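First comes the structure, then the notes that go with it.
Everything numeric in this text was worked out from a predicted model, so none of it was measured.
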Amino acid sequence: MYKGTTTYQRNIAARAAISSTRTLIYQMVHDVFGFGLKRIDRLEACTERLTCDKNLSFSDIRNNLDRYTSEQLKRDYMRWIKPGVGPHGKVQRIGTEAGTEHIYTTMLWALHVEFGFGRERLLRAQEHLKMLASVIRDGEARIVDFEKCLNLELGIYFDTLEYFENTFGVIDLGPLVATDMGQKEA
């Protein structure tokens with residue numbers, strides 16, 4: 001695929017949005033519901049199964065999830081996370097919106113399917129995701145900062161974090177001091 005094509009630009013933006021939203025969902029389930037690496041792996045496996053299920057369309061997932069969640073919280077999240085993903089122009093904006101909605105919807109539905117999350121817990125999840133998106137929107141943190149936190153706390157590897165730290169230096173999160181990816185000191 002040629003880098004200048006609209007399909008290429010849209011796909012790049014969608015991948016960035018998926019990666020960013022996935023990171024924030026990992027942070028949310030860890031912060032709010034105490035998920036460790038094993039449950040995050042289960043969440044990821046269920047999300048993959050839902051995405052690959054030929055008998056289940058994205059519209060089916062979205063319609064099912066809508067019975068348990070707030071459309072306003074979803075719209076707020078999608079609007080507030082965009083600056084953190086950084087789409088430029090209409091083509092990238094469309095890709096960002098599509099990628100964000102797809103992973104947000106599918107992963108929240110996976111929380112329902114795999115862990116039995118009902119309306120109350122899904123709304124708590126949405127509220128926390130909106131708060132995390134506001135932190136990104138307001139420039140208080142970047143997606144890579146959340147990746148660093150998840151790397152230190154749970155050992156999750158992010159290639160984007162590795163690239164960032166190799167390019168710009170190790171991220172300092174304050175009381176958590178990291179000398180290298182995966183190591184932490186108090």
Side-chain angles (χ1 to χ4, degrees), residues 13-51 56 58-87 93 95-154 156 158 160-161 171 173-176:
R15 281 192 219 113
I18 288 168
S19 177
S20 298
T21 296
R22 177 178 274 127
T23 298
L24 293 183
I25 288 175
Y26 290 169
Q27 189 71 53
M28 176 273 298
V29 296
H30 178 62
D31 290 349
V32 178
F33 303 106
F35 277 35
L37 196 53
K38 287 181 182 178
R39 285 197 288 174
I40 287 175
D41 285 345
R42 280 179 54 202
L43 173 61
E44 191 60 41
C46 184
T47 301
E48 185 69 22
R49 282 193 311 275
L50 291 170
T51 300
L56 188 64
F58 177 71
S59 294
D60 293 336
I61 293 171
R62 184 178 46 220
N63 291 339
N64 287 328
L65 183 66
D66 285 348
R67 297 189 325 241
Y68 298 93
T69 57
S70 163
E71 182 64 29
Q72 184 61 51
L73 288 172
K74 177 181 167 183
R75 279 195 308 267
D76 289 346
Y77 174 84
M78 290 183 64
R79 188 175 63 249
W80 291 3
I81 195 61
K82 266 191 252 179
V85 178
R93 182 182 49 76
T96 298
E97 290 169 357
T100 301
E101 182 177 20
H102 181 269
I103 199 66
Y104 181 97
T105 301
T106 307
M107 288 187 85
L108 288 183
W109 186 242
L111 286 170
H112 173 75
V113 170
E114 186 71 16
F115 299 100
F117 277 36
R119 182 167 177 76
E120 183 180 317
R121 286 195 293 174
L122 286 170
L123 288 173
R124 280 179 51 209
Q126 284 188 289
E127 287 284 353
H128 197 77
L129 284 169
K130 179 180 171 181
M131 184 276 300
L132 294 175
S134 75
V135 169
I136 300 292
R137 178 199 63 194
D138 296 343
E140 296 172 25
R142 304 160 295 182
I143 294 297
V144 73
D145 297 322
F146 289 103
E147 291 175 346
K148 182 66 172 190
C149 185
L150 289 164
N151 175 258
L152 292 172
E153 292 181 8
L154 299 174
I156 298 175
F158 296 93
T160 50
L161 174 62
I171 295 172
L173 294 178
L176 292 175

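Phe115 and Phe33 have their aromatic ring centers separated by at least 6.0 angstrom.
For the pair Arg39 and Glu114, the salt-bridge criterion is not met [side-chain N within less than 4.0 Å of a carboxylate O]. A salt bridge is defined here as a Lys NZ or Arg NE, NH1 or NH2 lying under 4.0 Å from an Asp or Glu carboxylate O, and Asp41 with Lys38 fails to meet this definition. Look at Arg79 and Asp76 and you find a salt bridge, because one of the NZ, NE, NH1 or NH2 atoms lies within 4.0 Å of a carboxylate O, short of that distance.
In this structure, the side chain of Asn63 engages the main chain of Ser59 through a donor-acceptor pair within 3.5 Å. Not one N or O on the side chain of Asp60 forms a donor-acceptor pair closer than 3.5 Å with the backbone of Leu56.
Side-chain contact of Tyr26 with Glu147: a donor-acceptor pair under 3.5 Å is absent, judged by distance alone. Side-chain contact, Thr21 with Tyr77: a donor N or O sits under 3.5 Å from an acceptor N or O. Looking at Tyr68 and Gln126, their side chains never bring a donor and an acceptor atom within 3.5 Å of each other.
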Let me see the working for Arg49 and Cys46 under side chain to side chain contact (heavy atoms under 4.5 Å, CB included), right down to the final yes or no.
-> CA-CA 5 Å; Arg49 282 193 311 275; Cys46 184; 3.5 Å; yes
Side chain to side chain contact (heavy atoms under 4.5 Å, CB included) assessment of Leu108 paired with His112 | CA-CA 7 Å; Leu108 288 183; His112 173 75; over 6 Å; no
Please lay out, stage by stage, how Lys74 and Glu101 fare under the test side chain to side chain contact (heavy atoms under 4.5 Å, CB included).
-> CA-CA 8 Å; Lys74 177 181 167 183; Glu101 182 177 20; 3.0 Å; yes
Side chain to side chain contact (heavy atoms under 4.5 Å, CB included) evaluation trace for Leu43 with Met107 = CA-CA 7 Å; Leu43 173 61; Met107 288 187 85; 3.8 Å; yes
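Within 6.0 Å of CD on Glu71 lie more than 12 heavy atoms contributed by other residues, nucleotides or ligands.
The shortest distance between side-chain heavy atoms of Ile103 and Thr47 falls below 4.5 Å. With contacts defined as side-chain heavy-atom distances shorter than 4.5 Å, the pair Tyr104/Met78 does not qualify. Residues Leu132 and Ile81 are not in side-chain contact: their nearest non-hydrogen atoms beyond the backbone lie 4.5 Å or more apart. A heavy-atom distance below 4.5 Å is not found between the side chains of Asp145 and Val135. With a 4.5 Å cut-off on side-chain heavy atoms, Thr23 and Gln27 do not count as touching. A heavy-atom distance below 4.5 Å is not found between the side chains of Val144 and Phe158.
Between Lys148 and Leu161 the shortest heavy-atom distance is CA-CD2, 3.7 Å. In this structure, Thr51 and Thr106 approach most closely via the heavy-atom pair OG1-CG2, 3.7 Å. Between Gly36 and Leu154, the shortest heavy-atom distance links the atoms CA-CD2, 4.1 Å. Closest heavy-atom contact between Thr69 and Leu122: CG2-CB, 4.0 Å. For the pair Met28 and Leu111, the tightest heavy-atom approach, listed with the atom from each and the gap, is CE-CD1, 4.2 Å. Here the shortest heavy-atom pairing between Ile136 and Phe146 reads CD1-CE1, 3.5 Å.
From Trp80, atom CH2 reaches atom NZ of Lys130 across 4.0 Å, with rounding to the nearest 0.5 Å. The structure places CZ of Arg22 at 11.5 Å from CD1 of Ile40, a figure rounded to the nearest 0.5 Å. Atom CH2 of residue Trp109 and atom CG of residue Asp66 lie 10.0 Å apart, to the nearest 0.5 angstrom. The distance from atom CG of Leu173 to atom CG of Leu152, rounded to the nearest 0.5 Å, is 6.0 Å.
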